[in-house]
Structures are given as structure tokens and as C-alpha cells.
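Okay, so here's the structure we're looking at.
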Amino acid sequence: MSEKTAITPATHTAPPAKFSHGVRKGNILQVAGQVGFLPAEEGKAPTPAGPTLREQTLQTFANVKAILEEGGASWDDVMMMRVYLTDVDHFAEMNEIYNQYFEEQGLEAPASARTTVYVGLPKGLLIEIDALAVLG
């Protein structure tokens, strides 16, 4: 039986509660909900990438990708993504950003499954994304 391993890239701060940014067990990697915080800087509080949905979404993708890579996975291994938005009016814009990002990544078809829901996030944060990957 394989052990459960916590995944925390160097770009990420320690989580604010008792959870891991990612957890791998065997060939399963679960990425916890990531937001658009810029890479961690020693002694600085986490800072959002910017006030716009585009800036935060692209940084959120970078944060998810960092955990996938640290855990030995890639976007091609992702089976399911969940997107959490704070504003229903952001849905169309987020889809445009999402589609463009994954086209630029050159992902192999088929795309992962995805769910999008609307939630409350800490002030200033507009999007959160988590992912489930199954490795080879």
C-alpha cells in the first residue's frame, strides 16, 4: 500500500490551516483549491496577482501547475477540475481565459471534466481552482 505524500512547491507558502496544497497517494494526485497568489516571498503576506479575473486566473493556473509538476503530473493527467468563482458574471470571461490557456498548453484531447460553482472567497480573490490527476 502506498503512502500519502504532501506536495508543497517552493513557490507556495504554508497553508493557513492543517491541509496540504497537494496530496499524492499511488497514482492519484489531488491538488487543493488554489487561488491567484503570486509566488511566495519570505516575510510577505500572500498577494493576489492583480485585481482582474484574467490576472488571477492565469496565476491560479500557474499555482495548480506547480503542484502537478511537483507531484510528478501534468495537465494531461488531470481528470477533473473544479472552478470556484465569486461572481456569476465572470463565467463567460473565465471560459475564454480557460480555453485560451489550455490551447496554448497544447493539451492532448480529451479535455478534463470540469465543474464551475459560485462561492465566497476572502476579499479581493475572484477565483479558486482544484484538480484531480491520475498518473500513468
Side-chain angles (χ1 to χ4, degrees):
M1 201 166 186
S2 60
E3 290 187 29
K4 189 165 67 169
T5 305
I7 309 294
T8 303
T11 55
H12 288 54
T13 59
K18 192 168 176 64
F19 66 88
S20 300
H21 285 293
V23 175
R24 180 168 175 181
K25 186 169 183 178
N27 68 336
I28 305 289
L29 172 60
Q30 176 65 58
V31 177
Q34 299 296 301
V35 295
F37 286 143
L38 293 168
E41 290 185 42
E42 189 68 34
K44 279 184 79 176
T47 306
T52 70
L53 180 64
R54 174 170 290 284
E55 291 167 308
Q56 288 192 26
T57 300
L58 293 176
Q59 185 61 53
T60 300
F61 282 141
N63 294 342
V64 171
K65 185 177 181 181
I67 296 166
L68 290 170
E69 290 175 350
E70 186 81 12
S74 72
W75 287 119
D76 284 321
D77 297 310
V78 174
M79 299 297 292
M80 177 66 179
M81 292 179 63
R82 284 168 289 274
V83 177
Y84 307 91
L85 294 172
T86 60
D87 188 335
V88 68
D89 292 334
H90 288 161
F91 185 76
E93 181 183 1
M94 184 277 300
N95 272 337
E96 288 177 27
I97 298 164
Y98 188 100
N99 290 340
Q100 181 181 16
Y101 177 84
F102 286 110
E103 284 172 18
E104 291 171 359
Q105 296 297 305
L107 289 180
E108 297 176 16
S112 66
R114 189 187 95 190
T115 297
T116 303
V117 297
Y118 305 98
V119 298
L121 292 173
K123 185 176 175 146
L125 295 175
L126 304 174
I127 186 167
E128 181 172 345
I129 299 174
D130 70 38
L132 175 66
V134 179
L135 289 76

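In what follows, residues are counted from 1 in the order of the sequence shown. Just so we're clear, the structure is a prediction, and the values are computed from it rather than from any experiment.
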>> For D77 versus G72, what's the shortest heavy-atom pair and its separation?
In response: OD2-O, 4.5 Å
> Would M79 end up clustered with V31 when hydrophobic side chains under 4.5 Å apart are linked, directly or stepwise?
Replying inline: no
> Considering all heavy atoms of both residues, which atom of T60 and which atom of Q34 are nearest to each other, and what is their separation?
Replying inline: CG2-O, 3.2 Å
> At what distance, to the nearest 0.5 angstrom, does CG of L53 lie from NE2 of H90?
Replying inline: 5.5 Å
>> Testing the 3.5 Å rule here: is there a donor-acceptor pair between the side chains of E104 and Q100?
In response: yes
>> Under a 3.5 Å distance rule, please check whether Q56 uses its side chain to pair with a backbone N or O of G50 as donor and acceptor.
In response: yes
> Sub-3.5 Å donor-acceptor pair from the side chain of R24 to the main-chain atoms of G26, do we have one?
Replying inline: yes
> Any sub-3.5 Å donor-acceptor pair from Q59's side-chain atoms to A49's backbone N or O?
Replying inline: no
> Do F37 and L58 share a hydrophobic cluster (ILVMFWY, side-chain heavy atoms under 4.5 Å, transitive)?
Replying inline: no
>> With a 4.5 Å cut-off on side-chain heavy atoms, are Y98 and M81 touching?
In response: yes
> Would L38 and Y101 show up in the same hydrophobic cluster when neighbours are defined by side-chain heavy atoms closer than 4.5 Å?
Replying inline: no
> Would V117 end up clustered with V78 when hydrophobic side chains under 4.5 Å apart are linked, directly or stepwise?
Replying inline: no
> Are any non-hydrogen side-chain atoms of L126 and L121 less than 4.5 angstrom apart?
Replying inline: no
>> Looking at every heavy atom in both A32 and S20, which two are closest together, and how far apart are they?
In response: CB-O, 3.3 Å
For residues 128-136, which side-chain N or O atoms pair as donor and acceptor with protein atoms under 3.5 Å away, sequence neighbours left out?
residue, atom, partner, partner atom, Å
D130, OD1, R82, NE, 2.9
D130, OD1, R82, NH2, 3.2
D130, OD2, R82, NE, 3.3
D130, OD2, Y84, OH, 2.9

> If two hydrophobic side chains count as joined below 4.5 Å and joins carry through other members, does F91 share a cluster with F102?
Replying inline: yes
>> Once rounded to the nearest 0.5 Å, what's the spacing between atom OG1 of T5 and atom CD of E70?
In response: 11.5 Å
>> Would you say that L125 contacts P48 through its side chain, given a criterion of any heavy-atom pair below 4.5 Å between the two side chains?
In response: yes
>> For V35, is there any backbone N or O sitting under 3.5 Å from a side-chain donor or acceptor partner on N63?
In response: yes
>> Is it true that, when you exclude M80 itself, more than 12 heavy atoms of the residues, nucleotides or ligands shown sit nearer than 6.0 Å to its CE?
In response: yes
> Under 3.5 Å, side chain of H21 to main-chain N/O of V64, donor-acceptor pair present?
Replying inline: no
>> Show the nearest heavy-atom pair for residues L29 and A73, with the distance to one decimal.
In response: CD2-CB, 3.8 Å
>> Quick check for you: to the nearest 0.5 Å, what is the distance between L107 atom CG and S74 atom OG?
In response: 7.5 Å
>> Test: side chain to side chain donor-acceptor pair (under 3.5 Å). Region: residues 109-125. Which pairs qualify, not counting sequence neighbours?
In response: N95-R114, R114-T116
